[in-house]
Amino acid sequence: MTDAFPGALVGPSSKERKYDRQLRLWAASGQQALEQSRVLLINSDGPIDGADTTVGGVAGVETLKNLVLPGVGGFTIVDPATVSESDLGVNFFLEESSLGKSRAEETARLLQELNPDVDGDFLNEAISELLKRPDFLPQYKLVIVSGPIKRSSLDTITASARELGIPVIYTRSVGFYSVFSLQLPAEFPIVETHPDPESTQDLRLVNPWPELKEAAARISNLDTLDDHEHGHVPYVLLLLHYLEKWKAEHNGKPPENYKEKSAFRDMVRAGARTNNPEGGEENFDEAAAAVFKSINPWSLRSNIREIFEMEQCKNLKSDSDNFWIIASAISAFYTKHGVLPLPGSLPDMKAKPSDYVALQNIYKKKARQDMEEVLETVRATEARLGRQTPITEKEVETFCKNASHVKVIRGRDIPRIDKDSTQTLKAVRNALGNPESVMPIYIAFEALDIIVDGIQNGQLPQGSLDDDATWTTTIDRLLNIIAEGDDTVINDEVRERVTKVTQELRRTEGGELHNISALTGGLVSQEVLKVLTRQYVPLDNTCVFDGVGSRSEMFRL
Amino acid sequence: MAARDAYLKRSLGTLSKRIRESRVLLVGAGGIGCELLKNLLLTGFGEIHIIDLDTIDLSNLNRQFLFRQEHIKKSKALVAKEVAGKFQPNAKLEAYHANIKDSQFTVDWFAKFDIVFNALDNLDARRHVNRMCLAANVPLVESGTTGFNGQVQVIKKGQTECYDCNPKEVPKSFPVCTIRSTPSQPIHCIVWAKSYLFPELFGTSETDAEADGLDHSEDAENAEEIENLRREAQALKAIRASMGSDDFAEKVFTKVFKEDIERLRGMEDMWKTRKPPEPLDYGTLQEKASAIDPTVSQNDQKIWTLEEDFVVFKDRSDTRMPYEDKRLKSLQESNTGEVEPILTFDKDDVDTLDFVAASANLRSTIFGIEPKSKFDIKQMAGNIIPAIATTNAMTAGLCVLQAFKVLKDDYSRAKMVFLERSGVRAINSDTLKPPNPNCPVCSVALGRIFVDLEHATLNDLIEDILRQQLGYGDEFSVSTDAGTIYDPDLDDNLPKKLTDLGLKAESLIRVIDEEDEEPRVNLELLVSERAKATPEDKPISLEKQIDIPKKPKQEPAAEEQVNGAALNGTTGKRKRGAEEAGLEEIQPAKRFAKAEANGDGEHPIVLDETESGAILIDD
């Protein structure tokens, strides 16, 4: 088509067409957030064991590739390394002519070619120098660090990022293994968590509002309907109809337990006409099938209650995140009505088109009313706090639709096996109790970090990465810390597992395999996309990948 | 150069030599294909053949990283080879811009590979490669993604399940009358616009080929209405001939949104219980819509008003408007430049989509159904599967890891791997299951016959080979890709030459034992051409004697209904009526399971759950 109609490609819709397949996952709002984000990749920080060895940085570059393609706003690669022969064998985003040149520059150039919408940049300086500039880090929405890296460097990065509320991902890929951890800001709220559509259905059948009740009342005499009409009453109305009948016979109470619900389901089923020449009474089947899912009194999920009770929700400030302003307004709505705003969506069901549309409008109208009430509270809050930029109606609407599934992740630090990290140690011990767990891989990577740190600090001689004794001592030390004096936890079997994994890890002497790093790049970039679009629930907080067994596991460390 | 693969050698050990010496076939150069090609090259695979029949589209660029804007409309396979080859000049790359189902890709050709990777976007091609790999006894790594989910499966003849050991979902279809006369949901109107109106006006008309998404199984019960609909389609054909004339859009509009609706409305029986459709009037809408600019179609999130639908419909069907290059008519001409211009529905072509969206919404309005936004219509009309780079990267990586097990011949440790968004594991795996003994695809006996195509008749096959040499009795049937050519009630073909029955070199013949007592498993015979050595020789000979085991007990009925659909109509189900046979030939993948209650309740509707994991798409 290009040859014939070059104009067709530059039209205003070409971007939508290019990104169509992903817009189906995160919509225009997610795409916009992505396009407004600049990502920093710290891809190496000096030699890790001798002058000519650095982190390969393939996982980092592959991560960026998966962000450049969907159109991230921009990226900067920080990497003081020059391109070596071994880089060429493992990194797709380098060419023969790159040899000896700046790796940051070469990878940035080739990544940039993937997508002209993206602004790619590079810096050859060491990250420690760059961090001294106060305006450096705030440019970025997220930082990716390729390890192993000097502990002091990582600490500086994570501390600054924590202060600025910038998420950090620390990733390592060696041989057949990889591991990465995500450090989120202290509170990371997500509105669009994309739960399973099944779980989001909210029909309010037990406590219908007046308009819905009225609609059900219109079919109060089902027996007078002709067969076609009878087979086309939307199941939502059928359930409301039989609920009224049930309540009349049960002191005004809806069916409450399993037995009652079963009886209620039988009552609904018995309403179907068996001699309907039209053939179908599937609407009754639909109604019966929905009994256990839909006939429940409305209740507030505990994690939403927790959000309402958080400091940020109760004590709004003029610079509070929009999330908290809206959450607080919704909390007020809940206090007043005992329910959250109605999401307003209606599942597909057997019905005449006009009836379905009418019912849909009842739900939509109620959702609109609820949203407007929340919006009013939001506006009042904004006025009270003297906030300048009003929250958009769209944002309030989205929140209302997702109100029962919003989530706040309390960000955790990049984990480390350390005497003071009681939480982490406990989680590690728990995982080690399961012989199938890939936790030994995490421990091996921790040992790698410690040894590299030792070499970079001059505490260990160069070549230590190849020294058996260094590894044994390091692993022993880590296992002792994990055991916290309890030898039953770290038994011989656990030691054996950790040792085996460590040997596998050491086979490539810290080198990356392209395939594993590419796969890791896929995993990491997926988490980055979740964080940047603020959609779906990101990792909390560590993922370990085992390429030998083709499996991954997530830990809260 | 030693330093380049130092890590690889250390990590893979002796396997690295096998990797370097192996010949790989990569079927599909799309999302997974691009990733896989890169990973295979940087894992040291020495020889990779890439095949893909597609050309590059703008909507591929968000993930198929070997392709750029300037490659649009070029062959995926050729560009992938050119771009990736630059990065690994030592590897031998071979590219084919071709359909893997093409007869040039014979079983012998497949057999030359050590491993095959499927990175495909459709069931039909997946099944074909599955069968070819089974026939050639080459291990297959099958993969697919949808959104955040992905799946990798290792398939090895006799050792693991094959692709067809488990039934797969079939595409959605609707009864003709629901689509043409009594729509009740937005999807019905969208299918009408996409599979009836669009092809009748711009593509291959329904009378020539089975339209996508239509179920003709109930036509017989509605013969009268079907006949009316046929006449309507004929009338539309006449209008089609006037394409390019000043009043083309008006003619089409008046025909399908007014006259046809009035006719329908006149069938009072139909509207006793339904709300009758309300025809639209071109002149009235024209007046109301005079101020609306056709660029309104650029807003794909908004649900257009009736007047806006009208304007978009008119603009996209009308050739008088000034944007000459953007019109369907001209696109159609440029497509072939020949006498009979043909457009096929392409969800990523803006003009096509606009036309379908506006037409679907106009029809929805007529029937009191809620209209949809262009964005939603695109999803529904195009069966769009969300696709992103991240999932492809993970899936391709997992494919290579499974390939390691395959090359080590370590099938006990090879896995079925799933990528899922939720849960504590992003990647889950499962050990591979042994072949399903009732699988109609892999649990069959295979053999090869040498045929003198000039002389051999069906009788030669039935008598000499099947009865005398292979011991078949009276009850069996023989079929080819075109359908059944022999069964006990169908012996007219016996004197005919095999070539007259459509057989040629590399054709597959399927023999189904239909004895009541202990029938044997199905037999597939591959045809190889060979002239008779001497005039006394029989015109057909077996390559070697074939062992055909008995079928396992409890033969499930499911074989014919579900998996059989994979076999291009070569199932045991005999086709008698000509119409029925024709139908099956064209739409082999459709079988109708009783549906969920979702339509108007009068007709079965088969729903396609693309997110079910059974159909995993990579385009």
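- Of all the listed residues (A/L88, A/V357, A/L67), the one sharing the greatest number of non-hydrogen pairs under 4.5 Å with chain B is A/L88.
- Proximity to chain A is limited to the side chain of B/K405, based on heavy atoms less than 4.5 angstrom apart.
- Within the 4.5 angstrom heavy-atom criterion, no atom of A/L539 approaches chain B.
- Partners of B/Q379 under the side chain to side chain donor-acceptor pair (under 3.5 Å) rule, at least two apart in sequence or in another chain, are A/R24.
- With a 4.5 angstrom heavy-atom cutoff, B/I388 touches chain A only via side-chain atoms.
- Within residues 111-118 of chain A, the residues having any heavy atom less than 4.5 Å from a heavy atom of chain B are, in residue-number order, A/E113, A/L114.
- Within the 4.5 angstrom heavy-atom criterion, atoms from both the backbone and the side chain of A/V548 approach chain B.
- Of the listed residues (B/L398, B/I369, B/V417, B/T43), the greatest number of heavy-atom pairs within a distance under 4.5 Å of chain A belongs to B/L398.
- With respect to the salt-bridge test (charged N to carboxylate O, under 4.0 angstrom), the residues A/R17 and B/D348 do not qualify.
- With a threshold of 4.5 angstrom between heavy atoms, A/L513 approaches chain B through side-chain atoms but not through N, CA, C or O.
- Looking at B/L40, neither its backbone nor its side chain comes within 4.5 Å of chain A, counting heavy atoms on both sides.
- The greatest number of non-hydrogen atom pairs below 4.5 Å with chain B, out of A/F93, A/Y356, A/F545, is found for A/F545.
- When heavy atoms are compared at a cutoff of 4.5 Å, B/Q402 approaches chain A solely by way of its side chain, counted from C-beta outward.
- With respect to chain B, the highest number of heavy-atom pairs below 4.5 Å among A/H514, A/K65, A/Q360, A/E504 belongs to A/H514.
- Looking at A/V90, only its backbone comes within 4.5 Å of chain B, counting heavy atoms on both sides.
- Scanning both residues, B/K378 and B/I384, for their nearest heavy atoms gives CG-CD1, 3.4 Å.
- With a threshold of 4.5 angstrom between heavy atoms, B/L66 approaches chain A through side-chain atoms but not through N, CA, C or O.
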Would A/S437 and A/N434 count as a side-chain hydrogen bond (donor to acceptor under 3.5 Å, both in side chains) if you check the C-alpha gap in whole Å, the side-chain angles of each, and the deciding distance to 0.1 Å?
CA-CA 5 Å; A/S437 174; A/N434 169 13; 5.1 Å; no
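- Remark: A/R273 does not engage A/D226 in a salt bridge, criterion side-chain N to carboxylate O under 4.0 Å.
- A/P234 and A/D355 make their closest contact through CG-CB, 4.3 Å (heavy atoms, listed as atom of the first residue, atom of the second, distance).
- For A/F284, the ring-ring contact (aromatic ring centres under 6.0 Å, His included) partners two or more places apart in sequence, or in a different chain, are A/H230.
- Salt-bridge check for B/K38 with A/E62: passed, with a basic side-chain N closer than 4.0 Å to an acidic carboxylate O.
- Comparing B/N62, B/L401, B/L41 by how many heavy-atom pairs each has under 4.5 Å with chain A, the most go to B/N62.
- Side-chain contact between A/N515 and B/L42 is absent, with no heavy atoms from C-beta onward closer than 4.5 Å.
- Heavy-atom distances place both the backbone and the side chain of B/T391 under 4.5 Å from chain A.
- For A/E229, the side chain to side chain donor-acceptor pair (under 3.5 Å) criterion is met by A/K352, not counting sequence neighbours.
- Salt-bridge formation is not detected for the pair A/E16/B/K374: no Lys NZ or Arg NE/NH1/NH2 atom is positioned less than 4.0 Å from an Asp or Glu carboxylate oxygen.
- In this structure, OG in B/S59 is found 7.0 Å from NZ in B/K347, a value given to the nearest 0.5 Å.
- Scanning all heavy atoms of the two residues, the minimum distance from A/T520 to A/S173 falls at OG1-OG, 4.3 Å.
- Of the listed residues A/G56, A/G511, A/G231, the one with more heavy-atom pairs under 4.5 angstrom with chain B than any other is A/G511.
- Residue A/E95 touches chain B through its side chain alone, counting heavy-atom pairs closer than 4.5 Å.
- In this structure, B/D430 does not pair ionically with B/K415, as no charged nitrogen and carboxylate oxygen lie closer than 4.0 Å.
- Both the backbone and the side chain of B/F375 come within contact range of chain A, judged by heavy atoms closer than 4.5 Å.
- Once rounded to the nearest 0.5 Å, the distance linking CD1 of B/I366 with CZ of B/R363 reads 7.0 Å.
- Ranked by heavy-atom pairs shorter than 4.5 Å toward chain B, the options A/C543, A/G89, A/A27 are led by A/G89.
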